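If you're wondering where the values come from, they're calculated on a predicted model, not measured in any experiment.
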Number of protein chains: 2
Amino acid sequence: MYELFFEEFNKKVPLTAEEQEQIKHYLTPKKLRRKQYLLQEGDVCKFIAFVEKGALRAYSVDENFTENIIQFALEGWTISDLYSFLTGEPAVYNIDALEDSELVLISKSAHEEMLQTIPKYETYTRLNITGAYLAMQRRITTIISSTAEERYQDFINLYPHIAQRVPQHMIASYIGLTPETLSRIRKKLSSGR
Amino acid sequence: MYELFFEEFNKKVPLTAEEQEQIKHYLTPKKLRRKQYLLQEGDVCKFIAFVEKGALRAYSVDENFTENIIQFALEGWTISDLYSFLTGEPAVYNIDALEDSELVLISKSAHEEMLQTIPKYETYTRLNITGAYLAMQRRITTIISSTAEERYQDFINLYPHIAQRVPQHMIASYIGLTPETLSRIRKKLSSGR
DNA sequence: CAAATCTCTTGATTTAAATCAACGGGTTTT
DNA sequence: AAAACCCGTTGATTTAAATCAAGAGATTTG
């Protein structure tokens, strides 16, 4: 249990066996069926979820019932409405499972206690958030300065594994396009380039 | 010296007088004239800069010599090409001063040594990057799901002080518009709403 | 297994924003 | 103080992407 979680943790900050045991006590496993919610808009986000298996997404829904995909999380990734988690404000995102999934949950109290008592957990947290920040900065740069076609290419290069598992219209949303536009871009790319 | 830096630090993580002294040894002051570069694309970013006074921007320049503004930093904010700083890769951004500015620089070695030896510095770093991450997520959400007009309104609400000090065409770039489009949006907003 | 729901595609049309171009007022710069 | 540059505005035109609409396979669900 928690194999992948600790594999990823050790990649960032190597742990002794004892430290690993200590951290285990703060973790909670959770299984989620496809289409089940982990979090709904308006609820307070009470955990950070690490994906051991499966795939999730975070998204908002606007006035016209259009879904805006904010984030995907496959195996080895972490997902949460971090703003809600940190501030206690109601979540602005929904998070649900795109496939049957297995998660490792870190509750708010577990998170805070580990930050206070396990220095390596703070380092782990810092490295995680730093990585997420850099990925997001890249995403903004791409969105602001690239055409639709370039954005799609960039996405495919960066996340080929996501492209294979996730419906196309969600990818369209993630890169800020309508499904129709993405369909046409793909057609163009596949045919005469 | 370093008044604002420590004011902001203490807001996030309260320091004793001794800790403050200890940290001071790792800091370097730097003055920058308007239009001077702090960092040029291609150089390795060797510091994190905290703005005591003045205003800076980070931006890239594309094939058509168009500037893409990635970030503004006024008093109390931090600016850097974090990817370059952390990995040692050449910077993809330029950073220069929009006004005569006074900075506090933290070199890479100072940063790493403080992370190792001063737990409160790691906490400070974690909180900083977390805040930057949340701000960036908000920015992405706005860009992906809002019209040009909404993006501008959002910017004005969030950063009224930047809007007052920075040329309009840079704000246009920051929110992903051409200067002409922003000019027209402003006209529309100021007249008949 | 039939119905319902998803998902992607294609076509026609509209629309928001970019592009191209020119101008006038400011502000540096020399 | 003249020249050069920077900045915002406005107009005409183009273009990329959105919207509206319909249909055809897949897949899920009852």
Side-chain angles (χ1 to χ4, degrees), chain A residues 32-36 54-55 57 59 61-69 72 94 96-100 142-156 162-193, chain B residues 33-36 55 57 59 61-69 72 96-100 142-156 162-192:
Chain A
L32 218 58
R33 290 267 172 73
R34 184 170 132 86
K35 298 202 174 174
Q36 256 191 292
R57 61 167 178 166
Y59 64 102
V61 179
D62 69 18
E63 323 81 57
N64 328 309
F65 306 101
T66 311
E67 291 175 354
N68 295 300
I69 309 276
F72 295 111
N94 302 281
D96 65 13
L98 298 173
E99 308 171 1
D100 295 351
T142 310
I143 289 175
I144 285 195
S145 63
S146 308
T147 63
E149 190 174 319
E150 288 164 346
R151 276 183 281 173
Y152 177 65
Q153 299 262 31
D154 207 64
F155 179 87
I156 294 295
I162 296 183
Q164 282 159 11
R165 282 168 71 175
V166 160
Q168 204 171 292
H169 69 270
M170 292 187 191
I171 293 170
S173 167
Y174 184 86
I175 60 178
L177 302 178
T178 59
E180 295 96 327
T181 298
L182 180 54
S183 174
R184 289 183 178 110
I185 286 172
R186 282 168 53 88
K187 189 185 179 186
K188 190 177 152 207
L189 289 175
S190 71
S191 72
R193 168 126 286 266
Chain B
R33 289 269 174 71
R34 183 170 133 85
K35 298 200 176 179
Q36 256 191 294
R57 62 167 176 164
Y59 64 101
V61 179
D62 70 17
E63 323 82 56
N64 327 310
F65 307 101
T66 311
E67 291 175 355
N68 295 299
I69 310 276
F72 294 112
D96 65 15
L98 299 172
E99 307 170 1
D100 294 351
T142 310
I143 290 176
I144 284 195
S145 62
S146 309
T147 63
E149 191 175 317
E150 287 165 345
R151 260 139 60 183
Y152 177 65
Q153 298 263 30
D154 206 64
F155 179 88
I156 294 295
I162 296 184
Q164 282 160 12
R165 283 167 73 174
V166 161
Q168 204 170 293
H169 70 272
M170 293 188 191
I171 294 170
S173 166
Y174 184 86
I175 60 179
L177 302 178
T178 58
E180 295 96 328
T181 298
L182 180 54
S183 174
R184 290 184 178 109
I185 286 173
R186 283 171 51 89
K187 189 184 178 185
K188 190 178 152 206
L189 289 176
S190 70
S191 72

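- Salt-bridge annotation for A:Lys35 and A:Asp96: absent, with no side-chain N of the basic residue lying under 4.0 Å from a carboxylate O of the acidic one.
- Comparing D:dG8, D:dT10, C:dA17 by their nearest atom to the side chain of B:Thr147 picks out C:dA17.
- Of all nucleotides listed (D:dG8, D:dC6, D:dA17), D:dG8 comes nearest to the side chain of B:Pro167.
- A:Ser173 and A:Glu67 get closest at one heavy-atom pair: OG-O, 3.1 Å.
- If you find the closest nucleotide of DNA chain C to B:Gly176 and to A:Val166, the one lying nearer the 5' end belongs to A:Val166.
- A sub-4.0 Å separation between OP1 or OP2 of C:dC6 and a side-chain N or O of A:His169 is absent.
- Shown here for A:Glu149 and A:Ile185, the closest heavy-atom pair between the two residues is N-CD1, 3.9 Å.
- For D:dC20, the base has a donor-acceptor partner in the side chain of A:Glu180 [N/O atoms by modelled type, under 3.5 angstrom].
- Distance CD1 (A:Ile171) to P (C:dC8): 8 Å, rounded to an integer number of Å.
- Between the CD atom of B:Glu149 and the C1' atom of C:dA18 there is a distance of 17 Å, given to the nearest Å.
- Distance from the side chain of B:Ser183 is smallest for D:dT9 among the nucleotides D:dA18, D:dT9, C:dC8.
- Distance B:Glu67 CD to D:dC6 P: 10 Å, rounded to the nearest Å.
- In this model, a donor atom of one side chain and an acceptor atom of the other lie less than 3.5 Å apart for A:Tyr152 and A:Arg186.
- In the set D:dT10, C:dA18, D:dC7, C:dA18 carries the atom at the smallest distance from any side-chain atom of B:Thr178.
- With B:Glu99 as reference, B:Arg165 is the one residue of B:Arg33, B:Arg165, B:Arg34 to meet the side chain to side chain donor-acceptor pair (under 3.5 Å) rule.
- Comparing D:dA17, D:dT28, D:dG8 by their nearest atom to the side chain of A:Thr181 picks out D:dA17.
- Dashed line: the shortest gap from a side-chain N or O of B:Gln168 to OP1 or OP2 of D:dT9 is under 4.0 Å.
- The CZ atom of A:Arg186 sits 18 Å away from the C1' atom of D:dA17 (whole-angstrom rounding).
- A sub-4.0 Å separation between OP1 or OP2 of C:dT9 and a side-chain N or O of A:Lys187 is absent.
- When the P atom of C:dT27 is taken as reference, atom CZ of B:Arg34 falls 11 Å away, rounded to whole Å.
- Nucleic acid contact for A:Leu182: none, since no nucleic acid atom lies under 4.0 Å from a heavy atom of the residue.
- The distance from atom CZ of B:Arg184 to atom P of C:dT19 is 12 Å, rounded to the nearest whole Å.
- Listed nucleotides: C:dC8, C:dA17, D:dT29. Nearest to the side chain of B:Ala148: C:dA17.
- The distance from atom CD1 of B:Ile175 to atom C1' of C:dA16 is 14 Å, rounded to the nearest whole Å.
- When the P atom of C:dT9 is taken as reference, atom NZ of A:Lys188 falls 16 Å away, rounded to whole Å.
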